[in-house]
Structures are given as C-alpha cells and as structure tokens.
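Written out below as structure tokens is the structure these notes cover.
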Amino acid sequence: QAFPSSRKQFRSRLAMPVRHIVMFGIKEDTPPEAIEALKAGLLSLPSQIEVIKAHDLGADLKLPSGQAHPAGKNRSIVWSVDTDNAEDYETYSSHPAHQMVINTLIKPIMEPGSRAAIQYER
C-alpha cells in the first residue's frame, strides 16, 4: 500500500529509514569558488547533524546528452542524506546548520526553479 490508511500504519512509517535526495542547477555565471564553498558546506553537515547516517554529493559531468536532453538539461548538483526515520529527517531538514547552507550557499547561486527533491523509505 502506497499511503498509510491508519494512524498505526503512519506511525510504523515513521520508524522506516528515509533517504532524501535533492538536486538543483547552478546559475551559469557562478564563480567556481562559490560552487566549492557550497560543496564544502554540504560536506560539513554530517559532522554537525548527528541524525545523518550516510550522505553523498555529486556534480553533473556535463555530458552532451545530459545538457541537450529533450526534457531539459541536467541539474548541476545532487545531495543525498540517509536518516533512521522520518522524524530524524525532519530534524535534519530544520537544523540550523542545514538552513545556513541553504540560505547562504545554495540559494544565492541556484538556478531559479531548478530544485527537485524527494524523501522515500529505504
């Protein structure tokens, strides 16, 4: 069943491990130093937010097929975080260190409208 139909099922879903994946584009005129600062900021989060159990960071390879895809070009950055459950994901999401990275390192260089994210059970 895709969605919990009872409170008991909903509570059991809170206990399932969660993976968060977010990707976004970077503005074309962004200096390389700003991109490196963004990467460093993301990579600093696991040492500041104890609910992060695993993480991964990737940058698009800018392959021709990804840049000229009929559905639109690839995103520039992908970041994933694993937590033990939905409650821990919410803790990560609202953590001041995470919010600082979003507001000071991501938003200023993110291509507007390019963010896509998902949280799902592992």
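Since the model is a prediction, treat every value here as computed from it, not as a measurement.
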(message) Are I35 and L61 linked, directly or through intermediate hydrophobic residues, by side-chain heavy-atom contacts shorter than 4.5 Å (ILVMFWY only)?
(response)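 No; tracing contacts between hydrophobic side chains, which count when under 4.5 Å, never links both residues.
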(request) Answer yes if I102 and L105 sit in the same cluster of Ile, Leu, Val, Met, Phe, Trp and Tyr residues linked by side chain heavy atoms under 4.5 Å apart, and no otherwise. (result)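 Linked within one cluster.
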Any side-chain heavy atom of [X] within less than 4.5 Å of one from [Y]?
| X | Y | answer |
| --- | --- | --- |
| V18 | Y120 | no |
| Y89 | V51 | no |
| I106 | L38 | yes |
| P112 | K27 | yes |
| R122 | D82 | yes |
| V22 | V78 | no |
| N85 | M16 | no |

Short side-chain to backbone donor-acceptor contact, [X] and [Y], under 3.5 Å:
| X | Y | answer |
| --- | --- | --- |
| S114 | M110 | no |
| T104 | M100 | yes |
| S80 | I21 | no |
| T30 | I26 | no |
| R19 | Q119 | no |
| Q48 | S44 | yes |

(message) Between K73 and E28 (salt bridge meaning N to carboxylate O under 4.0 Å), is one present in this structure?
(response)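 Judged by the 4.0 Å cut-off on N to carboxylate O distance, K73 and E28 do form a salt bridge.
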(message) One thing to verify: whether D60 and R75 come together as a salt bridge, which I'm taking to mean a side-chain N less than 4.0 angstrom from a carboxylate O.
(response)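 D60 and R75: not salt-bridged.
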(request) With sequence neighbours left out, write down each residue that passes ring-ring contact (aromatic ring centres under 6.0 Å, His included) with H55, or none if nothing qualifies. (result)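 For H55 the ring-ring contact (aromatic ring centres under 6.0 Å, His included) partners, ignoring immediate neighbours, are W79.
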At what distance, to the nearest 0.5 angstrom, does [atom1] of [X] lie from [atom2] of [Y]?
| X | Y | atom1 | atom2 | value |
| --- | --- | --- | --- | --- |
| I52 | D84 | CD1 | CG | 12.0 Å |
| L57 | K39 | CG | NZ | 6.5 Å |
| L42 | D56 | CG | CG | 11.0 Å |
| L63 | N74 | CG | CG | 8.0 Å |

Non-hydrogen atoms of [X] and [Y] that approach each other most closely:
| X | Y | answer |
| --- | --- | --- |
| I77 | A59 | CD1-CB, 4.2 Å |
| Q99 | S94 | CG-O, 4.0 Å |
| G25 | S76 | CA-OG, 3.6 Å |

(request) For E50, look at atom CD and say whether over 12 heavy atoms of other residues, nucleotides or ligands are found less than 6.0 Å away. (result)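 Count not over threshold, so no.
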(request) Describe, in one word, how the ring planes of H20 and H98 are oriented to each other, choosing from parallel (under 30°), tilted (30 to 60°) and perpendicular (over 60°). (result)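 The arrangement is perpendicular - the two ring planes meet at more than 60°.
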